[in-house]
*Asks:* 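The structure that follows is given in the form of structure tokens.
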Amino acid sequence: MPKTGELDFSRRGVLAGSAATMAMPSVAVAVPGSGRPPAAAQTMATKLVVNGQPHDLVLDPRTTLLDALREHLHLTGTKKGCDHGQCGACTVIVDGRRINSCLTLAVMHEGDVVTTIEGLGTPDRLHPMQAAFIKHDGYQCGYCTPGQICSAVAVLDEIKAGIPSHVSEDITASMHPTNMEMRERMSGNICRCGAYSNIAEAMAEVAGGEA
Ligand code: FES
Ligand code: FES
């Protein structure tokens with residue numbers, strides 16, 4: 001059983017400790033700020049070929065491909081949804097394969113060929129997938145649509161190239177753009193408006209009605 005004095009001492013100790021802890025942030029802040037300026041951000045020269053145009057960029061190496069496209073090249077067709085690789089709004093095609101541009105650093109793509117929604121077609125000459133999305137009402141608010149269209153184009157190329165998916169029954173057989181194949185492959189592209197069945201119809205049309 002502790003004596004009264006010991007208890008009192010402990011209580012004071014605890015209070016003093018708490019006060020010291022509360023005071024710590026200012027100490028912690030004071031030390032790094034003691035006269036030295038923050039280190040200048042390092043940059044790296046990076047070359048990207050975007051929609052057929054070469055671009056020489058000087059970037060903070062932590063810049064994502066998505067931010068390089070939107071903030072540095074002002075190609076705002078590629079959307080930032082979750083910024084965590086979960087929604088597919090930022091999908092672009094790099095060297096023929098679709099990727100989430102929010103999950104990759106621009107400097108990792110030195111010399112790569114990037115296609116964004118702006119490079120697929122123009123208002124006067126739409127890509128067949130863009131035209132099919134319009135025809136089948138494959139969007140409502142349109143926020144996910146650039147990513148959906150880039151993904152859809154790449155999905156049909158994947159199927160044509162015979163790359164199997166999780167739902168392919170025979171991975172050695174040739175692939176067909178069935179409804180199940182396309183839905184599975186598009187599952188990383190989320191549409192909060194729920195335009196999924198219209199997107200599937202648009203893809204089926206471009207695929208040649210095999211779905
Ligand atoms: Fe890249 Fe959502 S913004 S996956
Ligand atoms: Fe609105 Fe897909 S059209 S999120």
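Sequence positions, counted from 1, serve as the residue numbers for this chain. Atoms within a ligand are numbered from 1 in the order they appear, just like the ligands themselves.
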*Asks:* With atom 1 (Fe) of ligand 2 as the centre, enumerate protein N/O/S atoms below 2.8 Å in chain and residue order.
*Replies:* Cys141 SG, Cys193 SG
*Asks:* Can you tell me if Asn100 uses its side chain to pair, donor with acceptor, with the backbone of Thr91 under 3.5 Å?
*Replies:* no
*Asks:* Say you draw a straight line from NE2 of His84 to SG of Cys90; how long is it, rounded to the nearest 0.5 Å?
*Replies:* 11.5 Å
*Asks:* Going from CG on Asn189 to SG on Cys87, what distance comes out if it is rounded to the nearest 0.5 angstrom?
*Replies:* 8.0 Å
*Asks:* State, without any angle test, whether Glu181 and Ser165 hold a side-chain donor-acceptor pair at a distance under 3.5 Å.
*Replies:* yes
*Asks:* For His136 and Glu205, does a side-chain donor sit closer than 3.5 Å to a side-chain acceptor?
*Replies:* yes
*Asks:* At distances under 2.8 Å, what protein N, O or S atoms surround atom 2 (Fe) of ligand 1?
*Replies:* Cys82 SG, Cys87 SG
*Asks:* Check whether the side chains of Ser151 and Arg98 place a donor and an acceptor atom closer than 3.5 Å, and report yes or no.
*Replies:* yes
*Asks:* Taking the basic N atoms (NZ, or NE/NH1/NH2) and the acidic carboxylate oxygens, is any pair closer than 4.0 Å for Lys47 and Glu110?
*Replies:* no
*Asks:* For the side chain of Tyr196 and the backbone of Cys191, is there at least one donor-acceptor N/O pair under 3.5 Å apart?
*Replies:* yes
*Asks:* Using a 3.5 Å distance criterion without hydrogens, assess whether the side chain of Glu118 forms a donor-acceptor pair with backbone atoms of Gly77.
*Replies:* yes
